[in-house]
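Here the structure comes first, spelled out in C-alpha cells, and everything after it is commentary.
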Amino acid sequence: MSRRVVITGLGAVTPLGTGVEKFWEGIKANKLGISYIDMYDTERTGVKVAGIVRDFNEEEYYDRKGYFTKKEAKHMDTFTKYALVAANEALADAATDFSDLDTYKVGVLVGSGIGGVDLTLSEYSKFLEKGPGRVSAFYIPMMISNMAAGTISMKTGFRGANFDITTACASATNSIGEAFRKIKDGYLDACLAGGTESTRVEFTFGGFANMKALTKCGDLTRASIPFDKERSGFVLGEGSAVLVLEEYEHAKARGAKIYAEIAGYGATCDGYHMTSPMPGGEAAAKGMQLAMEEAGLKPADIDYINAHGTSTGLNDKYETAAIKLALGEEDARRVKISSTKSMTGHLLGAAGAIEAVVCAKSVQEGFIHATVGYKVPDEECDLDYCGSGNIEQEVNAVLSNSLGFGGHNATLCFRRVTD
C-alpha cells in the first residue's frame with residue numbers, strides 16, 4: 001500500500017508570536033523573535049539573547065475544551081502546554097476532529113530534544129535542600145519528553161501510534177517524517193505531528209555556551225546570522241509547532257484545505273561525532289537525495305531549501321557542502337536557500353516543526369523568506385541564501401533540513417498539490 005499524504009492544519013507557538021497567523025506575518029515582515037534574556041543575570045554565561053515566546057498567556061486556555069484547567073496546568077510542563085496549544089490550533093485549522101475515522105488510526109507523533117530540563121533543575125534544588133521526600137510526585141510524568149504527545153492524545157482521544165522521537169535538533173522533522181510514512185503505508189489515516197521545546201534556565205544556557213555552541217553577540221540584528229562569515233554560534237529558542245497530516249483521498253473527500261503534500265522523507269546518520277557534522281556533508285546529502293527519490297523529483301525540480309542554517313561555523317559550512325553534493329553544483333547554485341533561524345533562533349527539537357509550517361505556507365503562497373541579517377559573504381558558504389530579501393515566486397517543491405547532535409540528519413520534501 002502506498003498512499004499520498006497532505007497537510008491540512010497548522011498550529012504554532014513561536015518567538016515571533018503564538019498562532020500561525022502571527023508567526024507567518026512575522027516571517028513575511030522579516031521580524032526578529034530574538035530578544036534580550038531577562039530571566040536571570042547573563043553575566044556568568046555571557047549569552048545575552050534568546051528566542052523567547054513572549055505572548056503566551058496560559059490563563060487564556062483555562063477550562064477551554066481540549067486545553068487544560070488551572071489545576072492541570074500546575075502539573076504540566078511548559079513544553080507540553082506549548083504542544084497542546086499548537087495541536088488545538090492545528091485541529092481547528094483543519095476543521096475536523098476526525099470523528100469519522102477509527103480512533104486507532106489517528107496518531108500523535110510530537111518530538112522534543114530535552115523535555116522538562118527546567119523542571120529537573122528546580123526539583124533537584126529541592127532535593128539538595130530538603131531531601132528526596134520533597135521531590136514532587138508529578139516530577140517524572142511532567143518532565144519526560146513523551147508527555148507532550150501523551151497529553152495531546154488524552155485531550156483528543158486519538159489512540160493510534162503515539163510516541164516522542166528524540167534526535168536532538170532533528171526531532172520534529174523525524175516525527176513528521178515518520179508520521180508521513182505511517183499514513184503512506186496504511187498504518188494511520190491521519191496524525192498530529194511536530195515538535196516542542198522550552199528551556200529558560202541559566203543551567204541549560206551554560207551547558208550550550210560551554211560547548212561554544214551559542215553566540216555571545218549582544219546585537220539582536222547580528223546574533224543569528226546563518227551562512228554569514230561573521231556568524232558566531234546559534235541563538236537558543238523555544239516554542240512548538242504541530243501539523244495535521246492526512247491521507248489525501250480522505251482530505252479531498254471532506255473538502256479540506258490543503259497546504260501542501262509531503263512527498264518524501266530521508267533520514268540518515270553521520271556516524272562521525274557527538275556534535276560536529278560530518279565534514280563534506282555526505283550523510284546529510286544522502287538524506288536530501290532519499291527525500292527527492294521518494295517524491296519522484298530531480299534536483300532541478302527543487303525551488304527552495306529551508307536550511308537547518310544554525311549560524312554556527314561548522315553546520316553552515318558543511319550543510320552548504322551537503323546541498324552541493326545532493327543537488328549537484330549547477331542546481332545548488334540555482335536553488336533558493338534560507339534559514340528561518342535567522343528570525344526565531346534555534347528551537348532545538350521544535351525547530352523542524354516551525355520550519356515545516358514555513359515550508360507549507362511557502363508552497364501555498366509562493367513566498368520565500370530572506371535569511372535576515374545576512375551581510376558578509378563567506379567563501380565556504382557560497383550559495384544563494386536569499387540575503388537580499390524576500391522572494392515571491394511559484395514554489396512547487398521544497399526541501400527542509402534538520403541536523404541534530406549525534407549525527408542525525410532528516411529531510412522532508414514538500415510539493416504543491418495540483419491534482
Indicate yes or no: at least one non-hydrogen side-chain atom of [X] is less than 4.5 angstrom from one of [Y].
| X | Y | result |
| --- | --- | --- |
| Cys359 | Leu412 | no |
| Glu230 | Arg222 | yes |
| Met39 | Glu202 | no |

Problem set entry | Residues that Lys298 engages under salt bridge (charged side-chain N to carboxylate O under 4.0 Å, His left out), provided they are two or more places apart | none
Exercise. Got a second to check how far Asp77's CG is from Thr196's OG1, nearest 0.5 Å?
Worked result: 9.0 Å
Ring centers of [X], [Y] separated by less than 6.0 Å:
| X | Y | result |
| --- | --- | --- |
| Tyr304 | Phe367 | no |
| Phe127 | Tyr124 | yes |
| Tyr82 | Phe56 | yes |
| Phe208 | Phe234 | yes |

For this session: Taking side chain to side chain donor-acceptor pair (under 3.5 Å) as the test, write out the residues that go with Glu379, two or more places apart.
Result: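 Expected list: Lys229.
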Problem set entry | Minimum-distance pair of heavy atoms, taken over all atoms of Leu297 and Ile302 | CD1-CD1, 4.2 Å
For this session: Sort out for me which residue in His369, His346, His308 forms a side chain to side chain donor-acceptor pair (under 3.5 Å) with Thr340.
Result: His369
Problem set entry | side chain to side chain donor-acceptor pair (under 3.5 Å), paired with Tyr385, selected from Asp316, Thr371, Thr320 |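 Option passing the side chain to side chain donor-acceptor pair (under 3.5 Å) with Tyr385: Thr320.
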For this session: Could you tell me whether the side chain of Ser112 and the main chain of Glu197 form a donor-acceptor pair under 3.5 Å?
Result: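 Absent.
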For this session: Consider only side-chain N and O atoms of Tyr259 and Asp93, and report whether a donor and an acceptor are under 3.5 Å apart.
Result: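 The answer is yes; a qualifying pair exists.
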Exercise. Can Tyr61 and Asn88 be counted as having a side-chain donor-acceptor contact under 3.5 angstrom?
Worked result: no
Exercise. Between Arg415 and Asp301, is there a side-chain N and carboxylate O pair less than 4.0 Å apart?
Worked result: no
